[in-house]
There are 2 protein chains.
Amino acid sequence: MRTLINRPRHTDHTMHKPEHLKNAGLKTTLPRLKVLQLFEDGTERHLSAEEVYKLLSDAGELVSLATVYRVLTQFQQAGLLVQHHFDSGRSVFELNSGKHHDHIVCQQCGHVEEFYDATIEKRQEKIAAEHGFVIDEHALYIYASCTKQPCPNKK
Amino acid sequence: MRTLINRPRHTDHTMHKPEHLKNAGLKTTLPRLKVLQLFEDGTERHLSAEEVYKLLSDAGELVSLATVYRVLTQFQQAGLLVQHHFDSGRSVFELNSGKHHDHIVCQQCGHVEEFYDATIEKRQEKIAAEHGFVIDEHALYIYASCTKQPCPNKK
DNA sequence: TTCGCAAATGAGAATAACTATCATTCGCAA
DNA sequence: TTGCGAATGATAGTTATTCTCATTTGCGAA
Ligand SMILES: [Mn+2]
Ligand SMILES: [Mn+2]
Ligand SMILES: [Zn+2]
Ligand SMILES: [Zn+2]
């Protein structure tokens, strides 16, 4: 996982956070910056509200849980984050890369792999059309077990 | 949807409910029979715990909500029912037909269409294998809108 | 048939993951 | 700087589901 040290300089492509918030029509506040920072650090791609709260708390960055929930929802509505509903019972968020993808979730360690398959995507459209529907969105979750035992992703 | 009228006679394949429960290693109790009956009637294929509870209550068949939850979980573990997690926030159950299928959920009316696509299924296996995983299970939910307005399934 | 008793149920308390309320604080435009 | 509407924190409230425990029930043994 990449660290924050020796981060590349700002460019049109890598804006810093305040710009992101401005563009999303959200005013620049400390809690919003901290939450966004966490996702942009990229250490963990898929985070639940509780995890965001814990990670910030552990880093001495206190943001109330209510605010974490509010901010995550706002970011998702603004298109900064996308939300997923894994079987775990709580939703997880990730930075919106602009590229749709689906997920493989390891049953041993919870590790998440991403994939995109054009064939599957096309077939879905076809199936929906055949049934008289147009797709708003879809979710494909593959729950799987690592073939290399013990699971190398398990820490 | 198929009706209960002119149901075929019992055969090895179409057992009546007490047999189902016996086979599943569950003792034959009134609440279990009532819940199973509801699903075997086939009027509604995909039911949440709350819906099962309401349908039974409305029919004068009182079964406590706690028992409905317990029984649904037991049936699912016994392989009589399968459980799905639509985006709604509550899980729904359906009779285990033995034939895997995925779902299209209408965003207008909540109507659920079922489909099976061999191409998608095969691709999933391939993708999992490529990533070093073997699939335990998967869920593909297509959230869609009816192209014929207004939605003909909306009651 | 009737017993005995482990298993199942019902009523309601408890939990987990959110969501709403509201008094206080903060960001920012003037 | 100041003023004020938006954002936050603390906490109460919801919703879906699970747990606890006193009471009832299914069913094999007698
Ligand atoms: Mn992802
Ligand atoms: Mn189905
Ligand atoms: Zn996809
Ligand atoms: Zn499938």
Side-chain angles (χ1 to χ4, degrees), chain A residues 16-38 46-57 59-78 80-93 110, chain B residues 16-38 46-57 59-78 80-93 110:
Chain A
H16 50 286
K17 299 84 201 177
E19 305 299 317
H20 279 167
L21 293 178
K22 282 267 167 54
N23 292 353
L26 295 166
K27 89 167 52 161
T28 307
T29 68
L30 248 22
R32 283 174 183 161
L33 286 172
K34 291 174 185 173
V35 171
L36 188 51
Q37 172 105 77
L38 201 59
H46 305 89
L47 294 172
S48 69
E50 198 73 38
E51 287 167 341
V52 167
Y53 176 71
K54 283 238 168 57
L55 285 171
L56 289 179
S57 297
E61 306 285 6
L62 296 181
V63 176
S64 84
L65 185 55
T67 298
V68 169
Y69 273 106
R70 269 186 302 237
V71 168
L72 289 177
T73 304
Q74 291 161 346
F75 284 4
Q76 183 256 302
Q77 285 165 350
L80 282 172
L81 298 180
V82 294
Q83 183 173 19
H84 305 292
H85 300 89
F86 297 161
D87 258 4
S88 66
R90 47 195 155 140
S91 41
V92 300
F93 297 81
Chain B
H16 49 286
K17 299 86 201 175
E19 306 298 319
H20 279 168
L21 293 178
K22 282 268 166 49
N23 293 352
L26 295 167
K27 86 167 52 161
T28 308
T29 67
L30 249 21
R32 284 174 181 159
L33 286 172
K34 292 174 186 173
V35 171
L36 189 50
Q37 172 103 78
L38 200 60
H46 305 90
L47 294 171
S48 69
E50 197 73 40
E51 286 166 343
V52 168
Y53 175 72
K54 284 241 167 57
L55 286 171
L56 289 178
S57 297
E61 307 283 6
L62 297 182
V63 175
S64 84
L65 185 55
T67 298
V68 169
Y69 272 105
R70 270 187 300 239
V71 168
L72 290 177
T73 304
Q74 292 160 347
F75 284 5
Q76 183 256 301
Q77 285 164 350
L80 282 172
L81 298 179
V82 293
Q83 184 173 18
H84 304 291
H85 299 90
F86 298 160
D87 256 6
S88 65
R90 49 194 154 141
S91 42
V92 300
F93 297 80

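Chain letters run A, B, ... following the sequence lines, proteins first and then strands; every chain starts at 1. Bear in mind the structure is a predicted one, so any value in this text is a computation, not a measurement.
Remark: Thr28(A) is not in phosphate contact with dG27(C), judged by side-chain N or O atoms under 4.0 Å from OP1 or OP2. Proximity of Arg32(A) to the phosphate of dA7(D): a side-chain N or O atom is located under 4.0 Å from OP1 or OP2. Ser64(A) has no side-chain polar atom (N or O) that falls below the 4.0 Å cut-off from OP1 or OP2 of dT8(D). In this model, the phosphate group of dT9(C) is approached by a side-chain N or O of Thr29(B) to a distance below 4.0 Å at OP1 or OP2.
No side-chain donor-acceptor contact under 3.5 Å links Arg70(A) and Thr73(A).
Pairing for dG27(C) goes to dC4(D), judged as Watson-Crick or G-U wobble with the two contacts each under 3.5 Å. When both pairing distances are held under 3.5 Å, dG9(D) makes a Watson-Crick or G-U pair with dC22(C).
Contact annotation: the side chain of His85(B) never approaches that of His85(A) to less than 4.5 Å [non-hydrogen atoms, C-beta and beyond].
Heavy-atom nearest nucleotides on DNA chain D were determined for Lys27(B) and for Tyr69(B), and the one closer to the 5' end corresponds to Tyr69(B). Toward the 5' end of DNA chain D, the nearer of the two residues Gln83(B) and Leu65(A), judged by each one's closest nucleotide, is Leu65(A). The nearest heavy atom of DNA chain C to Val68(B) and to Ala49(A) marks one nucleotide each, and the one closer to the 5' end goes with Val68(B). For the pair Leu30(B) and Ala66(B), nearest-nucleotide mapping onto DNA chain C gives the more 5' position to Leu30(B).
In this structure, the CD atom of Glu61(B) is 14 Å from the P atom of dT9(C), given to the nearest Å. The CZ-C1' distance, from Arg70(A) to dC26(C), rounds to 13 Å in whole Å. In this structure, Lys22(B) places its NZ atom 15 Å from C1' of dA7(C), rounding to the nearest Å. Computed from coordinates, the Phe93(B) CZ to dT17(D) C1' distance equals 10 Å when rounded to whole Å. At whole-Å resolution of the value, CG in Leu72(A) and P in dT8(D) are 12 Å apart. The nearest whole Å value for the distance from the OH atom in Tyr53(B) to the P atom in dT15(D) is 16 Å. The CG-P distance, from Leu21(A) to dC28(C), rounds to 10 Å in whole Å. Distance Arg90(A) CZ to dT17(D) C1': 16 Å, rounded to the nearest Å.
The distance from atom CZ of Arg32(A) to atom NZ of Lys27(A), rounded to the nearest 0.5 Å, is 8.0 Å. Rounded to the nearest 0.5 Å, atoms CG (Leu30(B)) and CG (Leu62(B)) are 11.5 Å apart. One distance of note links CG of Leu56(B) with CD of Gln37(B); it measures 9.5 Å at 0.5 Å rounding.
Using a 4.0 Å heavy-atom cutoff across all strands shown, Ser91(B) reaches sugar-phosphate atoms only and no base atom.
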